[in-house]
*Asks:* 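Please find one structure pasted underneath; my questions will follow.
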Amino acid sequence: MPELPEVETVRQGLEHSVVGRTVRDVEVRHPRAVRRHVPGPGNGPENGMVDFAAALRGARLAAAHRRGKYLWLPFDSADRSSRALLAHLGMSGQLLVRPASAAQEPHLRVRMSFADDGPDLRFVDQRTFGALAVVPTDGDGIPVEIEHIAHDPLDERFDDADFVRALRRRRTGIKRALLDQTLISGVGNIYADEGLWHARLHYARPTETMRAAEIERLLTGLRAVLTAALAKRGTSFDSLYIDVDGSSGGFDQSLQVYGRAGRPCRRCGTPIRKDRFMNRSSHTCPRCQPRPRRARW
DNA sequence: CGGAGCTCCTGGGGGC
DNA sequence: TGCCCCCAGGAGCTCC
């Protein structure tokens, strides 16, 4: 499940292997992969697959940026300066730099070749929750589609005091808030569970009852986990996440609660508990993270 | 408009 | 062995 450490690892790979290169050809092999692409006016048939490929052909990719779990590569020629290739990996999306001669992956969705005859960039996505699009960018160079995404907790622009205020105004449970990308970005199910364990907070804790010191403790825990995971190039829990070279991340060995149901808490030895919550799994230590009296879902 | 539920999707794995 | 169902979950959408 690509979250901040995984997406940032992919971004670094793209910066190294794709930035500065010019797209020669684009092959869209599955319409769902470009479902978020909006064909521009006067761009021929109202066919997102055709328009996406046409918009990308000939573009020189000038940089690789990330906001939360989104990646984008702005185009740099003058007439394309306000457009970018936007990518979200969803649950199982992979951006792979592969030799043009390499065999097709089973779930290859989009294939891009480059004018320099170097390796392809391939978008492979088993569960098809991910997507690519060519989109307009605003005056700050940010895709309009993702202006609503908050800064992530490793970003120096992230304002702790603003987050404390915004969180305490919410009327929901803390995990639901952590997964809301308009409040804090880059955190998904794995790192939310890990961060809450580090801060000894239960996922159903009502946000409006949280003290500023508890929220700071949570940010400290999240930052520790995200930083350590990034250093290991991410978590490859179900092997669907790999970086642009096809290598796995190593942080799954360091997970404290996620995927450890029934096994002892490494702090107190109590068996880790797994609950269904928000139509997904949540992992807690029942002793370190007691359920609040007034739980909020 | 904030909050919460629904939905998209595929392949691995467990149960029978 | 084969088949069915559950499970993994990010985020846009819809409804209240």
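To find a chain, count down the sequence lines: A is the first, B the second, and so on, and within it residues start at 1.
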*Asks:* Within this structure, what is the CZ-to-P distance between A:Phe277 and B:dC6, rounded to whole angstrom?
*Replies:*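 In whole Å, B:dC6 P and A:Phe277 CZ are 14 Å from each other.
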*Asks:* Between A:Phe158 and A:Ile184, is there a side-chain heavy-atom distance shorter than 4.5 Å?
*Replies:*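 Answer yes - side chains close enough.
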*Asks:* Could you tell me the separation between the CG atom of A:Asp125 and the C1' atom of B:dC9, rounded to a whole number of Å?
*Replies:*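 Distance, rounded to whole Å: 9 Å.
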*Asks:* Report yes if at least one side-chain N or O of A:Arg32 is closer than 4.0 Å to OP1 or OP2 of B:dC8; otherwise report no.
*Replies:*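 No.
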*Asks:* Rounded to the nearest Å, what distance is computed from the OH atom of residue A:Tyr241 to the P atom of nucleotide C:dG10?
*Replies:*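 Interatomic distance, OH of A:Tyr241 to P of C:dG10: 15 Å.
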*Asks:* Separation of A:Glu6 atom CD from C:dG9 atom P, in whole Å?
*Replies:*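 Rounded to the whole Å, the gap is 13 Å.
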*Asks:* Atom CG of A:Leu89 and atom C1' of B:dC9: how far apart are they, to the nearest Å?
*Replies:*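 Rounded to whole Å, this separation is 16 Å.
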*Asks:* With heavy atoms under 4.0 Å as the rule, sort A:Ser281 into base, sugar-phosphate or nothing.
*Replies:*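 Sugar-phosphate: the residue A:Ser281, judged by heavy atoms under 4.0 Å, touches backbone atoms but no base.
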*Asks:* From the list B:dT10, B:dC9, C:dG10, which nucleotide is the closest neighbour of the side chain of A:Lys69?
*Replies:*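 Closest nucleotide among those given: C:dG10.
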*Asks:* Got a salt bridge between A:Asp152 and A:Arg67, using NZ or NE/NH1/NH2 to carboxylate O under 4.0 Å?
*Replies:*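 Here A:Asp152 does not pair with A:Arg67 in a salt bridge, since their nearest N and O are not under 4.0 Å apart.
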*Asks:* Rounded to whole Å, how long is the line connecting atom NE2 of A:His37 with atom P of C:dG12?
*Replies:*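 The distance from NE2 of A:His37 to P of C:dG12 comes to 18 Å, rounded to the nearest Å.
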*Asks:* Using a strict 4.0 Å threshold on nitrogen-to-oxygen distance, state whether A:Arg122 and A:Glu105 make a salt bridge.
*Replies:*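 Salt bridge: yes.
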*Asks:* Could you work out which one of B:dA4, B:dT10, C:dG9 sits closest to the side chain of A:Arg176?
*Replies:*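 Within the option list, the nearest is B:dA4.
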*Asks:* Go through B:dC9, C:dG9, B:dA4 for me and flag the one nearest to the A:Tyr258 side chain.
*Replies:*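 For A:Tyr258, the side-chain atoms sit closest to C:dG9.
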*Asks:* Minimum heavy-atom separation for A:Arg32 and A:Thr128, please, with both atom names.
*Replies:*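 Closest pair (atom of A:Arg32, atom of A:Thr128, distance): NH2-O, 2.7 Å.
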*Asks:* Would one find a side-chain N or O of A:His148 under 4.0 angstrom from OP1 or OP2 of C:dG12?
*Replies:*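 Yes, because at least one side-chain N or O of A:His148 sits under 4.0 Å from OP1 or OP2 of C:dG12.
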*Asks:* Using OP1 and OP2 only, check whether a side-chain N or O of A:Arg127 sits under 4.0 Å from B:dC8.
*Replies:*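 It does not, given that no N or O in the side chain of A:Arg127 lies less than 4.0 Å from OP1 or OP2 of B:dC8.
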*Asks:* Within the structure, does a side-chain N or O atom of A:Arg280 lie under 4.0 Å from either OP1 or OP2 of C:dC7?
*Replies:*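 So the side chain of A:Arg280 is outside the cut-off, no N or O lying under 4.0 Å from OP1 or OP2 of C:dC7.
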*Asks:* Look at A:Tyr70 and C:dG12 and indicate whether a side-chain polar atom (N or O) is within less than 4.0 Å of OP1 or OP2.
*Replies:*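 So the side chain of A:Tyr70 is within the cut-off, an N or O lying under 4.0 Å from OP1 or OP2 of C:dG12.
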*Asks:* To the nearest Å, how far apart are A:Gln181 CD and C:dG10 P?
*Replies:*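 Spelled out: CD on A:Gln181 to P on C:dG10 is 8 Å.
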*Asks:* Looking at the side chain of A:Leu179, which of C:dG10, B:dT7, B:dG3 is the nearest nucleotide?
*Replies:*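 Selected nucleotide (nearest to the side chain): C:dG10.
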*Asks:* Which nucleotide wins on minimum distance to the side chain of A:Asn279, given the candidates C:dG12, B:dC9, B:dT7?
*Replies:*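 Of the candidates, B:dT7 comes closest.
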*Asks:* Picking from B:dG3, C:dG10, B:dT10, which would you name as closest to the side chain of A:His107?
*Replies:*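 Nearest nucleotide to the side chain: B:dT10.
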*Asks:* Nearest-Å distance, OH (A:Tyr191) to P (C:dG10)?
*Replies:*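 Rounding to the nearest Å, OH of A:Tyr191 and P of C:dG10 are 12 Å apart.
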*Asks:* Please determine if A:Asp25 and A:Arg111 form a salt bridge, counting it only when a charged side-chain N lies under 4.0 Å from a carboxylate O.
*Replies:*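 Looking at A:Asp25 and A:Arg111, the cut-off is not met.
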*Asks:* According to a strict under-4.0 Å criterion, is A:His30 in side-chain N/O contact with OP1 or OP2 of B:dC9?
*Replies:*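 So the side-chain polar atoms of A:His30 never come under 4.0 Å of the phosphate oxygens OP1 or OP2 of B:dC9.
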*Asks:* From C-beta outward on A:Arg296, which listed nucleotide comes closest to its side chain: B:dA4, C:dG12, B:dC9?
*Replies:*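 Of the candidates, B:dA4 comes closest.
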*Asks:* Do the side-chain N or O atoms of A:Arg171 get closer than 4.0 angstrom to the phosphate oxygens (OP1, OP2) of B:dG2?
*Replies:*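 No, no such contact exists.
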*Asks:* Strictly below 4.0 Å: does A:Thr172 bring a side-chain N or O up to OP1 or OP2 of B:dA4?
*Replies:*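 Checking B:dA4 against A:Thr172, a side-chain N or O does come within under 4.0 Å of OP1 or OP2.
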*Asks:* Out of C:dG12, B:dT10, C:dG10, which nucleotide sits closest to the side chain of A:Phe129?
*Replies:*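 So the side chain of A:Phe129 is nearest to C:dG10.
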*Asks:* Does A:Asp160 come within less than 4.0 Å of A:Arg223, counting only side-chain N to carboxylate O?
*Replies:*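 Looking at A:Arg223 together with A:Asp160, the answer is yes, because their closest N to O distance falls below 4.0 Å.
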